[in-house]
Amino acid sequence: MEPRVSVIIPIYNVERYIAECIESLLRQTFTDFEAICVDSGSSDRSIEIAREVAGDDPRFVFTESGDNGQSVARNRALDIVRGEYLLNLDSDDYYVPDTLERLVKEADASSLDMLYFSAKTFYETDDLSRTNPERQDNRPDIPGVLSGPDMYVQMEKTGAFRPSACMFMFKRSLVEEAGLRFVEGIIHEDLLFTMMIVPLAKKTAFLNETFYMRRMRAGSTMTTARGVRNIHGHLVASMHMEAWLQQHAGEYSAEFCDWYAHRIHHTWMLVAQDVRDLSWEEIDAFRDSLPIGERIALDLHGIEPASSLGEVLDSTTFKVGHAMLALPTYIKDRLANHG
């Protein structure tokens, strides 16, 4: 018999935290679930600890995806999940005990395709609370049952939107019918997956209660120094989002399209900000590594905005003897240097 809920857990070098994650599932008041635990190439004892904590509980399924990143691990799980409802749980985070019970009850009551919920961020150190502050548990309520696009509009209007694939439950049928998967080879894949699934839902709601405990720790994607991986992730996400909107804009309201375009622009601005913070050598090498389409997008939405926002670039950015003030100058200098 198929479980009601499947929880997807990619596991990579989290031996200090995985026990708490698995234990939070063992403590759930709702028991009709499976947990798909995907080893993403861990080099520590993460998987051994997870197996020890899960014991012989048949609800825990262990598989491997190789050292290929979180998207590959999640996609491996999506290929084998059996539950009616799906959840993504990061292996250094955990649920409060009645999470699954409350979410399933709410989703069943209104026949929902997606159900958003809230999280609370806690910090491994005081320094992280100062350098990476975030509030996940202070979002305004959005009452009622809305379509996916209408819910997205309300979340953007009220500031409730969060680009995390871990903060909503969704029906397996949504991703199966659309063939939706996480884009592999990038970080910030949560944003893109969320923006791709949002328009698919017919009925959504927001249960604005804290169920997800989100750990802010050193060495995670959120706290590691930003670099070309961040640029590439946001670059690819923006390109996919823009292509989708251009193709499907006629199927949705003007208001939805406006807010969707706003999110795309916001993501492009993150690309430009990260471009400004790196050296010319790093950007030059990164640009040369990209396929032509991504390189053009980087020029148009990263390098050009970074150099034309009217701000003086600091000496560590695009340093080639002087601060470059526009994309044509950048290209001219590259041609001169490499010609």
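Hydrogens, waters and symmetry mates play no part in the numbers below; they use all other heavy atoms, side chains included. Nothing fancy with the numbering, it's 1 onward along the sequence.
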Determine, for [X] against [Y], whether the closest basic-nitrogen to carboxylate-oxygen distance falls under 4.0 angstrom.
X	Y	result
Arg59	Glu34	no
Arg263	Glu242	no
Asp190	Arg74	yes

Do Arg82 and Ser6 get their side chains close enough for a donor-acceptor pair, meaning under 3.5 Å?
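No, Ser6 and Arg82 have no side-chain donor paired with an acceptor closer than 3.5 Å.
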
Tell me, please, which residues at least two apart from Glu15 pass side chain to side chain donor-acceptor pair (under 3.5 Å).
none

Between [X] and [Y], how do the two ring planes meet: parallel, tilted or perpendicular, split at 30° and 60°?
X	Y	answer
His234	His188	parallel
His301	Trp268	parallel
Phe117	Phe211	perpendicular
Tyr152	Phe256	perpendicular

Could you list all the salt bridge (Lys or Arg N to Asp or Glu O under 4.0 Å) pairs where at least one residue sits in residues 243-258, not counting sequence neighbours?
Lys157-Glu255

Identify, with sequence neighbours excluded, every residue that meets side chain to side chain contact (heavy atoms under 4.5 Å, CB included) alongside [X].
X	result
Arg16	Glu124
Ser173	Lys171, Glu177
Ser40	Tyr12, Ser65, Ala73
Thr158	Pro140, Ile142, Ala160

Of the options Thr267, Ile197, Val183, which is the one that meets Leu192 in a side-chain contact (heavy atoms from CB on, under 4.5 Å)?
Val183

Hey, could you give me the CZ/CG distance between Arg295 and Leu290, rounded to the nearest 0.5 Å?
8.5 Å

Hey, does the Lys NZ or Arg CZ of Arg172 hover above the aromatic six-ring of Tyr85, less than 6.0 Å from the centre and inside 45° of the axis?
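No, Arg172 and Tyr85 do not form such a contact.
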
Linking I/L/V/M/F/W/Y whenever any side-chain heavy atoms sit under 4.5 Å apart, do Leu78 and Phe168 land together?
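The answer is yes; both residues are in one hydrophobic cluster.
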
